[in-house]
Amino acid sequence: MYYYIDNMYEDDLDQVHAIDVLSFPHPWSVGTYRNELNARQHSRYLVARVSAHLPRPTRTQSWLMQIVQHVVPKPPSTPVGIARDPIVGHGGIWLSLDEGHITTIAVHPDHRGRGVGELLVIGLIDQAYELGAQQLTLEVRTSNTSAQRLYNKYGFAEHGVRPRYYTDNNEDAVIMWTENIHSASFVQRLREMRSRLHERLRQLPQ
Ligand SMILES: CC(C)(COP(=O)(O)OP(=O)(O)OC[C@H]1O[C@@H](n2cnc3c(N)ncnc32)[C@H](O)[C@@H]1OP(=O)(O)O)[C@@H](O)C(=O)NCCC(=O)NCCS
């Protein structure tokens with residue numbers, strides 16, 4: 001079994017929503033994701049897919065398409081004639097000034113604990129570099145210690161609390177920030193984490 005990162009496409013949204021329903025008390029609607037996909041100047045949304053075979057890079061992942069998308073930001077169009085693998089997780093990032101805000105991340109319960117969350121975090125950090133972010137931030141429920149540990153691993157540290165941020169149960173949000181993502185220490189840590197994760201994923205049962 002191989003996990004890999006791909007763009008989120010509009011016709012992925014039913015699968016994305018199904019994972020959100022399993023992951024969050026108040027999942028985003030398909031319409032919210034559609035709006036996010038249409039704001040490519042400021043945002044990027046990724047999915048993790050699973051394949052029984054070693055995936056070949058799709059046309060949209062080639063360097064040429066990346067450059068074109070960078071110059072003319074637009075929602076990725078569905079590649080014609082390419083059957084895409086099922087989605088097991090997804091995440092998104094918004095740029096505000098030079099701050100990258102991780103807006104969401106979720107992994108299907110059947111695929112948790114195998115490194116997919118890490119794969120998504122690395123994918124989102126890569127997108128943050130592309131968008132020109134200097135730092136990354138996010139909010140996470142105080143009770144969500146597994147997500148906090150995931151973010152800690154990638155250099156996010158707690159920098160305060162937003163009281164009663166979550167209106168469903170009045171739970172506080174922990175605010176997390178990275179250091180400057182262009183700093184030598186962050187870049188070095190990311191490089192190490194990336195190669196550790198690749199090793200971990202390589203050892204998953206095929
Ligand atoms: C948080 C979430 C995305 C993690 O995804 P995942 O694929 O299971 O995570 P990974 O397998 O990549 O684990 C990476 C790290 O996260 C932390 N982690 C993940 N699950 C954990 C758990 N159940 N308990 C403690 N730490 C956990 C660990 O630090 C882990 O590293 P380790 O294996 O070296 O200890 C997933 O649990 C999820 O979708 N939760 C519901 C949605 C959610 O809470 N999203 C975050 C909103 S802010």
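Computed from a predicted model, the values in this text were never measured in an experiment. Each ligand, and each atom within it, is numbered from 1 in the order the structure gives.
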Run the salt-bridge test on Arg189 and Glu192 with the 4.0 Å N-O cut-off and return the result as yes or no.
no

heavy-atom search around atom 40 (N) of ligand 1 in the protein gives Arg112 CZ, 3.7 Å

Would you say Arg114 and ligand 1 have an N/O pair spaced under 3.5 Å apart?
yes

Distance-only N or O hit between ligand 1 and Lys153, under 3.5 Å:
yes

Taking atom CG of Leu190 and atom OG1 of Thr178, what is their separation to the nearest 0.5 Å?
10.5 Å

Identify the residue among Thr103, Leu124, Asp12 that makes a side chain to side chain contact (heavy atoms under 4.5 Å, CB included) with Tyr45.
Thr103

Residues passing the side chain to side chain donor-acceptor pair (under 3.5 Å) test with His17, sequence neighbours excluded, are none

So is there a nitrogen or oxygen of Ser23 less than 3.5 Å from a nitrogen or oxygen in ligand 1?
no

How far does CE of Met8 sit from CZ of Arg34, to the nearest 0.5 angstrom?
12.0 Å

Distance-only N or O hit between ligand 1 and Ile105, under 3.5 Å:
yes

Which ligand 1 atoms are under 4.0 Å away from a heavy-atom of Gly113?
6 (P), 7 (O), 8 (O), 11 (O)

Numbering as shown, the atoms of ligand 1 that approach Ala106 to under 4.0 Å (heavy-atom distance):
39 (O)

Does Tyr3 approach ligand 1 within less than 4.0 angstrom via side chain, backbone, both or neither, non-hydrogen atoms only?
neither

Side chain to side chain donor-acceptor pair (under 3.5 Å) partners of Tyr151, counting only residues at least two apart:
none

Shortest protein heavy-atom distance from atom 23 (N) of ligand 1, along with the residue and atom involved
Ser146 CB, 3.9 Å

Close approach, His90 and ligand 1, non-hydrogen under 4.0 angstrom:
no

Can you tell me the protein heavy atom closest to atom 35 (O) of ligand 1 and the distance?
Arg149 NH2, 3.9 Å

Please determine, by modelled atom types, if Arg141 and Asn169 share a side-chain donor-acceptor pair under 3.5 angstrom.
yes

Looking only at the side chains, is there a donor atom on one of Asn180 and Gln135 sitting less than 3.5 Å from an acceptor on the other?
no

Check: Asp85 main-chain N/O paired with Ser51 side-chain donor or acceptor under 3.5 Å:
no

Nearest protein heavy atom to atom 3 (C) of ligand 1, by residue and atom, and its distance?
Val107 CG2, 4.0 Å

Per-atom contacts, ligand 1 versus Phe24 - under 4.0 Å to a heavy atom:
42 (C), 43 (C), 45 (N), 47 (C)

Under 4.0 Å from one or more heavy atoms of Gly115, ligand 1 contributes atoms 10 (P), 11 (O), 12 (O)

Ignoring hydrogens, just give me the one of Arg200, Arg196, His108 whose non-hydrogen atom is nearest atom 13 (O) of ligand 1.
Arg200

Got Val16 and Tyr9 here, is their nearest side-chain heavy-atom distance under 4.5 Å?
no

Are Glu118 and Arg200 close enough for a salt bridge, meaning some N to O gap below 4.0 Å?
yes

Please check whether Asn144 reaches ligand 1 - meaning an N/O of the residue sits under 3.5 Å from an N/O of the ligand, judged on distance alone.
yes

Is any N or O atom of Val140, backbone or side chain, closer than 3.5 Å to an N or O atom of ligand 1?
no

